[in-house]
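Data first, discussion second: the structure below is written as structure tokens.
We number each residue from 1, following the sequence as shown.
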Amino acid sequence: MANQITLAQSPEQLAQLGHFNAEVIINSPGRVNLIGEHTDYNNGFVMPTAIDKTIQFHLKKNGKASHCSVSSLNYGSFFEFDLAVEDRNEAEWTKYIVGVTEEIKKLGHKLEGFDCMMLSNLPMGAGISSSAALECGLARGLSELFDLNLSNLEIVKLSQMAEHNYVGTKCGIMDQFASVMSEENHVIKLDCKSLEYDLLPFAIEPYKLLLLNTNVSHSLSTSEYNVRRQECETGVSLLQKWYPEVQSLRDVNLKQLEAHKADFDPVVYNRCSYVIEENERVNKAAKALKAEDLETFGKLMYASHEGLQHKYEVSCKELDFLTKFSKDHEGILGCRMMGGGFGGCTINLIHQDAAEDYIEAAKKAYFKEFNRNLTAFTAMPANGGERLH
């Protein structure tokens, strides 16, 4: 069992948790993705890791047949539901909860009434996958509480299905995989087609990862996320006319795509071109990391952002501003937008000695440009979800 991890808590929160008498406590992390964006649902390559920002779940059985309650101490939100009644009409965050319990039931497991308190230091809407942390943490907690013996991969897959079937976001598997399978001081190079993966040592000192949150909120289920997925599938259907063996963009190279450029809608062509190029960048980034060539790694990060901005068109003016701003500072080797897009964070590979001054400079420039505050936090590769108690 892991060592206790304590999140910053107010006296009121401590009192609530103290009176709760949890039987199981789970720590479930968010994630960053160094490179490989929007490639996971195209069966491509990604390079994520869990981080030291988490949601903590305190769970106990309540002795009732099917009545459950879940509360968030951060947001003062409270949700009650009946396991016997599938209700999709509550607030959006509750759909993740119901989705997880329904997917567990689909696997043939029996759940009973439970109470859950959640406490988080994971910034919501920052593109560090609070949704996957919520799904995977609850799934692990219920597995422990009711002795379901769910495997890590079962937790990953059922959490992904909860998001597909109950939230409506047709996400790839990367976020859930990283939240569950990561190891401290490593990043994952994941093949989203086979689910084979390599744990790559992440020895980047004296550099570190800095996230700058635009504080522009985004909701993947209401954004262009599903539209991009459909555009990629349209490209695959077209390519199958000439290459019937193609099942996803993972199976296509640029030469094949370019040979039929005239047959493509320009937008669909750009989407496909980006994904194929991004897969190549992930493979190059893995080689650079193994060779401890951080300069090449940083250049690949910038190239990734260029593709996301101009070909995949999921960036926004705030993310573009911060990425361009970073290029004028020699302490930064690479920067790009991270996550689904249309807001959230940039991820920066920055020299530790330059970080403090850079954060202040970026905050001033960002406020001057957008009249909006920028928030900054570092993120260290951490273990995937684990039981604390």
Side-chain angles (χ1 to χ4, degrees), residues 7 13 16-17 20 22 24-30 53-62 64-107 109-146 148 150 155-171 175-176 179-180 217-223 225-226 339-340 385:
L7 303 186
Q13 290 170 343
Q16 285 179 277
L17 292 173
F20 188 72
V24 170
I25 301 175
I26 300 292
N27 207 55
S28 185
K53 303 287 185 290
T54 70
I55 303 175
Q56 207 172 82
F57 294 79
H58 295 243
L59 300 109
K60 66 180 179 182
K61 299 173 186 174
N62 61 21
K64 299 173 183 175
S66 59
H67 180 269
C68 304
S69 69
V70 180
S71 58
S72 167
L73 296 181
N74 296 78
Y75 297 95
S77 302
F78 183 75
F79 173 50
E80 291 182 291
F81 68 105
D82 191 325
L83 288 166
V85 180
E86 184 188 327
D87 185 358
R88 298 173 184 243
N89 299 317
E90 297 284 345
E92 180 160 319
W93 74 273
T94 67
K95 296 177 183 178
Y96 297 97
I97 306 291
V98 172
V100 167
T101 59
E102 290 296 317
E103 292 296 332
I104 288 175
K105 285 156 59 179
K106 285 180 187 177
L107 293 175
H109 296 293
K110 178 172 171 52
L111 296 173
E112 297 173 7
F114 66 89
D115 297 330
C116 174
M117 280 191 173
M118 299 186 298
L119 184 66
S120 174
N121 63 2
L122 201 60
M124 301 294 167
I128 56 176
S129 208
S130 53
S131 57
L134 179 59
E135 296 152 358
C136 297
L138 181 63
R140 184 177 297 280
L142 294 176
S143 179
E144 295 281 349
L145 188 65
F146 294 107
L148 307 181
L150 295 174
I155 290 171
V156 168
K157 289 182 175 181
L158 79 86
S159 296
Q160 182 195 25
M161 287 301 100
E163 195 148 341
H164 283 207
N165 296 331
Y166 296 88
V167 182
T169 303
K170 301 296 185 182
C171 63
D175 295 349
Q176 293 82 6
S179 186
V180 170
S217 62
H218 66 286
S219 172
L220 292 183
S221 59
T222 56
S223 73
Y225 187 101
N226 290 340

Expected output: side-chain [X] to main-chain [Y] donor-acceptor under 3.5 Å:
X      : Y      : result
Asn62  : Cys68  : no
Lys61  : Glu112 : no
Gln160 : Cys171 : yes
Asn27  : Thr54  : no

For the student: nearest non-hydrogen atoms of [X] and [Y], plus distance:
X      : Y      : value
Asp82  : Ser66  : OD1-OG, 2.7 Å
Ser28  : Phe57  : CB-CE1, 3.8 Å
Ser71  : Phe78  : CB-CD1, 3.7 Å
Cys136 : Ser179 : CB-OG, 4.3 Å
Leu83  : Gly113 : CD1-N, 4.2 Å
Ala133 : Ile55  : CB-CD1, 3.9 Å

| query | Is Glu144 close to Leu59 at the side-chain level, that is, under 4.5 Å between some pair of heavy atoms? | reply |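 Not touching, per the 4.5 Å side-chain cut-off.
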
| query | Do the non-hydrogen side-chain atoms of Ile104 and Phe146 ever get within less than 4.5 Å of each other? | reply |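 Ile104 vs Phe146: side chains apart.
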
| query | Looking at residues at least two apart in the chain, or sitting in another chain, which of them share a side-chain contact (heavy atoms from CB on, under 4.5 Å) with Ser72? | reply |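 side-chain contact (heavy atoms from CB on, under 4.5 Å) check on Ser72 returns Asn74, Tyr75, Ser77, Met118.
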
When rounded to the nearest 0.5 angstrom, what is the spacing between [atom1] in [X] and [atom2] in [Y]?
X      : Y      : atom1 : atom2 : value
Phe20  : Cys116 : CZ    : SG    : 6.5 Å
Phe114 : Leu138 : CZ    : CG    : 5.5 Å
Glu135 : Ser130 : CD    : OG    : 9.0 Å
Leu150 : Leu158 : CG    : CG    : 6.5 Å
Leu111 : Glu102 : CG    : CD    : 9.0 Å
Phe79  : Thr94  : CZ    : OG1   : 4.0 Å

| Would Ile97 and Trp93 satisfy side-chain contact (heavy atoms from CB on, under 4.5 Å), going step by step from the backbone distance to the final call? | CA-CA 7 Å; Ile97 306 291; Trp93 74 273; 4.2 Å; yes

| Lys95 and Glu92: salt bridge (Lys or Arg N to Asp or Glu O under 4.0 Å), yes or no, with the steps? | CA-CA 5 Å; Lys95 296 177 183 178; Glu92 180 160 319; 5.3 Å; no

| In terms of side-chain geometry, is the basic nitrogen of Glu103 or Lys106 positioned less than 4.0 Å from the acidic oxygen of its partner? |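 So Glu103 pairs with Lys106 through a salt bridge.
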
